[in-house]
Amino acid sequence: MAAPLQTLGDLRRSGYKSRPVKQEIRDNLVRKLQAGEPLFPGIIGFDDTVVPQLVNAILSRHNFILLGLRGQAKSRILRGLTDLLDERIPVVPGCEIHDDPLRPLCAACRARVAAEGDDMPIAWLTPDGRYVEKLATPDVTIADMVGDIDPIKAAQAGINLSDELTMHYGLLPRANRGIFAINELPDLAGKIQVGLFNILQEGDVQIKGYPIRLKLDVMLVFTANPEDYTARGKIITPLKDRIGSEIRTHYPVTRHNAIAITRQEAWTDRANGQALVIPDYVREVVEEVAFQARADRKIDKRSGVSQRLPITTLELVVSNAERRALSNNESVVVPRVTDIYAALPSITGKFELEYEGELRGAEQVARDLIRSAAGTVFTGIFDGVDTRTVVEWFDLGGTLPLADNTSANDLVATTAEVQGLRELAAHAGGKPGSDPAVLASAIDFVLEGLYAQKKISRNEERGYTAAETSARRPTRREEQTINEEVRIPTGKKKYYN
Ligand SMILES: [Zn+2]
C-alpha cells in the first residue's frame, strides 16, 4: 500500500474494500502459504502437529480454542495471529470500537460521516491495536467484557438509555475488527459466556435490562486446560458450539526442540565483558529436568510442567556461573551441571505436587529430578565408555572437596591427580588446551554423572567420595544421601530423541 489515504473521499475513490477480520486473516494466510513464507515464527516443534490444525481452522474462518497445559506456547500462538492481519486498516479517528469509515456501527460515527462526508479525516490502525487479550477469572463481569450503560453520558445527552451513545465499551467491542483472545475460558462465569455468545450470534446483548445491539466483527480465540474444558458444565453448550476447532497443544517432544525453545526464550546474553560458553550437556540436563518432572508421579500432571521451568532454570544457571566467575575474576563464564542446583528457587515454583511429593518436599523432589536428569544425560553421552579407573580412585579412599564457588583453576588443579578423569572430561568436550572454565565444567559433569549413577557419592558440601557400596562405613550425612530415592535410568537412550 502506498502512503496512507487522508480522507473518507480518498478512501472511497481508491476503491478500498474492507473485509470481515476472519476473511482478512484467511487471505493473508493463503498468500503466505503460496509464497512459502514461515507461518508462525518462533513457534518450535509444532510443525507437524499444531500448525496444520491451526492453518485449517483459519482457512475455515473458525473461532478456535487451544487446549493445553501451562507453558505450551498457547498465548504466543494467539499473539502470533496478528502477523496475519493487514499492515493497516482505515478507521474513524477516535472511535473506541475502530469503526470502518465506509460502514460505521456506532451512532457517533454515523452522525460524523453524515455531517462531514468525504472531507472526514480517516486514521489507520496497525495490527498491535487490533489484538485484545483477557485472562478469564470468575469475577469478570458483563461490564468488563461487553460494556456498561454510562448514566452520566446518558443524562448529558438526554437520550434514551438503549442508544449506544450511552455505552461505555468493554473489551469485546474494543476488539471490533480485530482478534479477541480469552485465556482460561472455563474460568468465565456461565452468565458471561451467555453474553459473549449472544453478541457473537445475534449481535445483541442485554445490559442492566436494556437491549444493546452491536454488530461486531471479531475473531474469537480461546485457551483452556483440557480437563477444565471437557469437564461437564464448565462451558455453556451454545458457546462451545460456536467454537469451530479445538486444537491440542503439547510440550516439546524431543530434547532437541526443547533446547531450541529455551535457547530462543532464555536471557543468557548478558554482555558484561565476559565470554559465555554453555556446554551442550548443561542445556540437555536442564531440559531433561523438565521431561522427567512431566513424567514424575510425585508431580501433578493436570497442571503440567511449563516450558518456563527450563527457561528460568537456564537463566539462574548462567547467573550462578556468572557470579562465580565474577568473584574469581574469570573472563570466561562456563556453567556447570552443579549450577543447576542453584536454580532450585526457579524449579520448585514450576510444579504442583501430588501427596507423595508433598511428603518428600518440593526442594527434595527438585534435587532428585536434577540428579536423575544428570544421570540420564551422562548415561547417554558415556554409553560404552569405561569409567572404572576414576571410580577406583575414589574406592581407594580418594576424596575431592569441591564447592559451588571453586574457581576453574582450583577445580582443574584439585582434580589433576584423579587418574582417568581428564580422559572422561575430554569425552564430554573438555579437550586438553580448552579454557580452564570449559575443562572445569566437563570435569564437574563427569563427577555429577558418576554421582547420579551412584558409583561415587557426594555430601552436601559437594565433596566427592567413594560410593557407599564399598567396604567403608558411611558417615551419617552420606547415609542420608544414599537413602535418597533417585531413579537412575541405566538403559540406553530410553528418553526422547
Ligand atoms: Zn464509531
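Every heavy atom of this structure was used, including side-chain atoms; hydrogens, water molecules and symmetry mates were not.
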Tell me whether the count of non-hydrogen atoms from other residues, nucleotides or ligands lying under 6.0 Å of CZ in R103 goes above 12. no

SB check R19 D86 (cutoff 4.0 Å): yes

Intermediate values then yes/no, side-chain contact (heavy atoms from CB on, under 4.5 Å), F180 and N176: CA-CA 8 Å; F180 187 31; N176 187 36; over 6 Å; no

Does any part of the side chain of I122, heavy atoms only, come nearer than 4.5 Å to the side chain of V92, both counted from C-beta? no

How far apart are the C-alpha atoms of F64 and L54, what are their side-chain angles, what is the distance that settles it, and do they pass the side-chain contact (heavy atoms from CB on, under 4.5 Å) test? CA-CA 8 Å; F64 64 84; L54 264 174; 3.5 Å; yes

Quick one: do the S18 and D100 side chains pair a donor with an acceptor below 3.5 Å? yes

Quiz item: cation-pi between K240 and Y229, 6.0 Å / 45°: yes

Flag for K22-N63: side-chain donor and acceptor within less than 3.5 Å: yes

Are S441 and Y281 linked by a side-chain donor-acceptor pair shorter than 3.5 Å? yes

Using the side-chain contact (heavy atoms from CB on, under 4.5 Å) rule, take L196 and I192 through it: C-alpha gap first, then chi angles, then the decisive distance, then the call. CA-CA 6 Å; L196 207 57; I192 315 302; 5.6 Å; no

Salt bridge R110-D99, side-chain N to carboxylate O under 4.0 Å: no

Side chains of Y131 and L81, heavy atoms from C-beta outward: is any pair under 4.5 Å? no

Could you tell me whether F46 and F40 have their ring centroids closer than 6.0 angstrom? no

Check whether any side-chain heavy atom of E96 lies under 4.5 Å from a side-chain heavy atom of P173, and answer yes or no. no

Answer whether the closest heavy-atom distance between the side chains of S319 and R270 falls below 4.5 Å. yes

Mind telling me whether Y16 and W124 have parallel, tilted or perpendicular rings, with 30° and 60° as the class edges? perpendicular

Side chains of V334 and P279 in contact at under 4.5 Å (non-hydrogen atoms): yes

Output yes when E448 and R371 qualify as a salt bridge under the 4.0 Å nitrogen-oxygen rule, no when they do not. no

Between the side chains of E287 and R283, is the shortest nitrogen-to-carboxylate-oxygen separation below 4.0 Å, so that they form an ion pair? no

Is any side-chain N of the basic residue among R323 and D404 closer than 4.0 Å to the acidic one's carboxylate O? yes

Taking atom CG of D139 as the centre, does the number of heavy atoms from other residues, nucleotides or ligands within less than 6.0 Å exceed 12? yes

Among side-chain atoms of T223 and N183, is any donor-acceptor pair under 3.5 angstrom? yes

Would you say Q6 has more than 12 foreign heavy atoms packed within less than 6.0 Å of its CD? no

Looking only at atom types and distance, does a side-chain atom of Q193 sit under 3.5 Å from a main-chain N or O of L188, one as donor and one as acceptor? yes

Could you give me the CA-CA distance, side-chain angles and deciding distance for I347 and V365, then say whether side-chain contact (heavy atoms from CB on, under 4.5 Å) is met? CA-CA 10 Å; I347 298 173; V365 169; over 6 Å; no

Could you check whether any side-chain heavy atom of Q72 comes within less than 4.5 Å of a side-chain heavy atom of L69, counting everything from C-beta outward? yes

Quiz question: by atom type and distance under 3.5 Å, do the side chains of Q53 and S245 form a donor-acceptor pair? no

So, R79 and E133, do they make that salt bridge, N to O below 4.0 Å? yes

For K191, I'd like to know if atom NZ has over 12 heavy atoms of other residues, nucleotides or ligands within 6.0 Å. no

Between the side chains of Q292 and S372, is a donor N or O closer than 3.5 angstrom to an acceptor N or O? yes

Is the backbone N or O of R302 less than 3.5 Å from a side-chain atom of D300, with the two atoms forming a donor-acceptor pair by type? yes

Exam field: side chain K350 to backbone S306, donor-acceptor pair closer than 3.5 Å: no

Does one side chain, of T126 or D128, offer a donor that lies under 3.5 Å from an acceptor on the other? no

So, are E24 and R130 salt-bridged, with charged N and O less than 4.0 Å apart? yes

Mind checking whether L105 and L216 have side chains closer than 4.5 Å, heavy atoms only? yes

Looking only at side chains, do R248 and T49 share a donor and an acceptor under 3.5 Å apart? no

Is the closest basic N to carboxylate O distance between R297 and E354 below 4.0 Å? no

Using a 4.5 Å cut-off on heavy atoms from C-beta on, say whether the side chain of T7 contacts that of D118. no

Are the side chain of R26 and the backbone N or O of I58 linked by a donor-acceptor pair below 3.5 Å? no

Apply the test salt bridge (charged side-chain N to carboxylate O under 4.0 Å, His left out) to residues R76 and E265: give CA-CA distance (whole Å), side-chain angles for both, the deciding distance (0.1 Å), then the verdict. CA-CA 12 Å; R76 192 182 179 116; E265 302 295 326; 2.3 Å; yes

Side-chain donor/acceptor of D144 to backbone N/O of T141, under 3.5 Å: yes

